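Everything below concerns the one structure shown next.
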Amino acid sequence: MQMPTPIRAPTWVSRRRHFEQKLWDLDKCKDINQLKQMQALVYKSNLQQDPFIAPKSIAAFSLCRQMDSALIVFSQVRDPNVHLYNAMIRAHIYNSQPSQAFATFFNMQCCGIFPDNFTFSFLLKGCSGKCWLSVVSMIHTHVVKWGFDEDIYVPNSLIDAYSKCGLVGVRAAAELFRGMKERDVVSWNSMISALLRVGDLSEARKLFDEMPRRDRVSWNTMLDGYTKAEQMSVAFELFETMPQRDVVSWSTMVSGYCKAGDLEMARMLFDKMPEKNLVTWTIMISGYAEKGLVKEAIGLYIRMEEAGLRLDVAAFVSILAACAESGMLSLGKRVHDTIERSMYKCNTLVCNALIDMYAKSGCLHKAYKVFNGLKKRDLVSWNAMIHGLAMHGHGKKALELFFRMKQEGFMPDKVTLVGILCACNHTGLVDEGIIYFYSMEKDYGVVPEVEHYGCLIDLLGRGGYVKEAFELARKMPLEPNVKIWGSVLGACRMHKAVELADDVCNLLDKLEPKNAGKLSALSNIYASAGDWDNVAIIRLMMKSIGRPKQSGASLLVLNDEYREFTVMDKSHAKSDKIYQMVDRIGQHLKLLSPVTAGLCDE
DNA sequence: CTAGGGTTAG
């Protein structure tokens with residue numbers, strides 16, 4: 001059979017077709033080298049102004065974190081249309097530059113280009129956090145005024161954005177949701193996830209039961225709500241009744257059991273599930289690492305590598321964070337090896353997680369090595385390093401680094417200042433700490449939060465200003481938390497201020513009566529002052545409450561072996577020798593520094 | 001003629 005002769009298009013059309021086909025997926029290009037090749041093609045065929053190609057180029061550069069290049073593409077287009085502006089706004093949001101995104105948004109209106117429904121969806125993606133509430137509600141007003149809420153995507157985006165703005169935002173989202181003329185599954189799902197974000201499980205469940213049609217996202221969202229609330233029995237019930245289970249459902253359950261500390265159940269489901277992906281493996285390994293189960297964590301990590309899975313940024317960061325929490329250096333180092341051999345060895349997010357892991361595990365040299373080798377340091381890198389130094393008593397070095405970061409043009413944020421106050425605290429620099437605290441708002445625009453007050457109160461207390469610490473805790477403009485009262489009580493104990501401790505406990509009794517934890521703190525204070533009558537009374541009170549506080553345990557890692565011990569623990573065979581040694585160390589410390597003296601009274 | 005947006009697990 002003879003094929004009909006095709007009618008040939010003019011050469012220039014087919015050439016264009018040819019290039020367009022090659023550039024079809026330009027906007028999905030994540031690899032910078034491939035992107036450079038494609039850009040060469042764009043310029044060679046003179047398509048850089050093409051209204052179809054230019055937004056794709058911007059999207060690609062934004063994916064590859066090349067905002068400079070994205071901006072060049074944008075500026076080269078003579079008459080930008082809505083599409084191009086939208087692409088640029090989306091690029092800024094994707095690269096966490098919401099202020100630039102809004103600048104572009106205002107700019108387009110100045111140029112007489114009207115925003116469309118897409119513009120608002122993109123902008124809303126960047127509004128996350130309490131401080132954005134007013135912006136979101138302003139966008140809401142605009143949206144209603146211009147009638148963009150006809151498009152279901154826009155109110156759905158609004159619900160999502162509102163729900164990230166705290167409790168007030170969720171209320172606004174609920175109001176919007178109630179007023180919607182028509183809702184689709186996504187509207188319902190977004191509203192349920194909003195309610196779960198603020199912990200309103202019952203209201204979320206009500207919507208879940210009410211909604212006309214549930215898809216797998218609805219079930220998985222509700223499932224996650226129960227696991228996050230550690231209601232594993234309800235979660236399991238839901239898991240068994242849901243019409244279909246996918247990887248997300250199984251992974252959610254595994255994650256829930258890990259968080260609840262039931263690693264056996266988690267592993268059972270992990271082994272049983274029909275399909276696993278990178279996220280599943282990450283959850284299970286992090287679960288083991290967080291709980292300090294070295295053999296299991298490393299064993300599974302090796303198995304994952306053997307299975308040929310390539311870790312991504314989130315996987316690296318999650319596992320390293322888990323290692324940091326339990327101080328699991330052995331796995332952390334292994335992950336570091338993998339990173340060195342991967343394309344992420346220069347990735348700032350990954351390196352920040354490494355710095356934090358090494359710093360929290362006490363390997364400050366290694367942390368510093370990663371920090372020094374990092375080409376593109378961000379605020380988080382500096383904060384992690386400063387905090388690491390501060391935590392381990394290198395307050396002077398932490399402060400030096402603080403000066404260096406300012407020299408290099410970084411603006412300290414609230415986290416940095418917690419680190420700085422912590423550095424002063426752990427180095428006994430009382431005066432410096434006080435100065436930093438009272439000038440942080442003026443110098444860095446950081447309004448002190450509870451954490452900062454906690455540092456200052458701890459600092460005052462340790463430095464012997466127990467009365468001042470107590471007064472500050474009582475008069476501070478924010479609600480003091482348990483940690484704050486804990487440090488005041490700790491200071492009372494350290495400096496044997498029994499009467500003051502009494503005052504603290506009386507105050508606490510009014511706020512939160514019958515708290516066994518505080519009573520035991522008070523009993524410790526009487527004990528260290530030798531007031532045994534009062535100790536006996538308190539112990540009796542604790543008994544009558546009938547809720548003996550579970551004693552806290554300390555964890556020690558030696559050669560990958562974990563040893564847990566509690567106060568007055570005599571379970572170890574050589575405990576006598578150990579206590580003798582602790583005593584000697586204590587004597588030694590007392591001679592060295594008056595600040596640490598109070599720490600070794602027991 | 002052609003695309004681009006919202007919800008779930010680390």
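Convention: sequence-line order gives letters A, B, ...; per-chain numbering from 1. These numbers come from a predicted model, not from an experiment. Only heavy atoms go into these numbers, but all of them, side chains included; no hydrogens, no water, no symmetry mates.
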- Task: Rounded to the nearest angstrom, tell me the gap between atom CZ in A:R213 and atom P in B:dT7.
- Result: 17 Å
- Task: Classify the side-chain pair A:T416/A:D413 by whether it contains a donor and acceptor separated by less than 3.5 Å.
- Result: yes
- Query: At under 4.0 Å between heavy atoms, what does A:S251 touch on the DNA or RNA strands: base, sugar-phosphate, or nothing?
  - Reply: base
- Determine whether any donor atom in the side chain of A:D246 lies under 3.5 Å from an acceptor atom in the base of B:dA9, or the reverse, and answer yes or no. no
- Message: With a 4.0 Å cut-off on N to O distance, would you call A:D356 and A:K360 a salt bridge?
- Response: yes
- Interatomic distance where OH belongs to A:Y153 and P belongs to B:dT7 [whole Å]: 11 Å
- Ring center gap for A:W219 and A:F208 short of 6.0 angstrom: yes
- Step-by-step salt bridge (charged side-chain N to carboxylate O under 4.0 Å, His left out) determination, A:E449 to A:K414: CA-CA 8 Å; A:E449 288 177 25; A:K414 57 183 188 182; 3.5 Å; yes
- Message: Closest approach to the side chain of A:V248, judged atom by atom: which nucleotide of B:dG10, B:dG5, B:dT8 is it?
- Response: B:dT8
- Between B:dA3 atom P and A:L84 atom CG, what is the distance in whole Å? 18 Å
- Message: From NZ of A:K164 over to P of B:dG6, roughly how many Å is that when rounded to an integer?
- Response: 10 Å
- Of the candidate nucleotides B:dT2, B:dT7, B:dG5, which contains the atom at the shortest distance from the side chain of A:V154? B:dG5
- Query: In residues 347-361 of chain A, which ones come under 4.0 Å of DNA chain B, going by heavy atoms?
  - Reply: none
- A:L278 near the nucleic acid: base, sugar-phosphate alone, or nothing, with a heavy-atom cut-off under 4.0 Å? base
- Query: Are side-chain N/O atoms of A:S57 and A:Q48 paired as donor and acceptor at under 3.5 Å?
  - Reply: no
- Query: What is the distance, rounded to the nearest whole Å, between atom CG of A:N156 and atom P of B:dT8?
  - Reply: 12 Å
- From the candidates B:dG6, B:dG10, B:dT8, the one with an atom nearest any side-chain atom of A:I283 is B:dG10
- Message: Rounded to whole Å, please give me the gap between CH2 in A:W188 and C1' in B:dT7.
- Response: 14 Å
- Taking the side chain of A:D151 as its heavy atoms from C-beta onward, which of B:dA9, B:dT7, B:dG5 lies nearest to it? B:dG5
- Considering only B:dT8, B:dG10, B:dT7, which nucleotide approaches the side chain of A:N220 most closely? B:dT8
- Quick one: which of B:dA9, B:dT2, B:dT7 gets closest to the side chain of A:D224? B:dA9
- Message: Consider side chain to side chain contact (heavy atoms under 4.5 Å, CB included). Of A:H336, A:K345, A:M385, A:M357, which one does A:V370 pass it with?
- Response: A:H336
- Look at all strands and tell whether A:S190 reaches a base, only sugar-phosphate, or nothing, counting heavy atoms closer than 4.0 Å. sugar-phosphate
- A:M222 CE to B:dT7 P: how many Å, rounded? 18 Å
- Answer yes if the ring centres of A:W281 and A:Y301 are under 6.0 angstrom apart, and no otherwise. no
- For residues A:N86 and A:T119, is any side-chain donor paired with an opposing acceptor at under 3.5 Å? yes
- Query: Is the A:Y85-A:F74 ring centre distance short of 6.0 angstrom?
  - Reply: yes
- Query: Between A:K125 and B:dG5, is there a side-chain N or O to OP1/OP2 distance below 4.0 Å?
  - Reply: no
- Message: I'd like to know if A:N117 reaches the base of B:dG6 with its side chain, counting only an N/O donor and acceptor under 3.5 Å.
- Response: no
- Of the candidates B:dG10, B:dT7, B:dT2, the side chain of A:F52 sits closest to B:dT2
- Task: Figure out the CE/P separation between A:M253 and B:dA9, and round it to whole Å.
- Result: 15 Å
- Side-chain donor or acceptor of A:D184 under 3.5 Å from a matching atom on the base of B:dG6? yes
- Task: May I ask you to say what A:D116 touches in the nucleic acid, namely base, sugar-phosphate or nothing, with a heavy-atom cut-off under 4.0 Å?
- Result: nothing
- Message: Using a heavy-atom cut-off of 4.0 Å across all strands, would you classify A:S318 as base, sugar-phosphate, or nothing?
- Response: sugar-phosphate
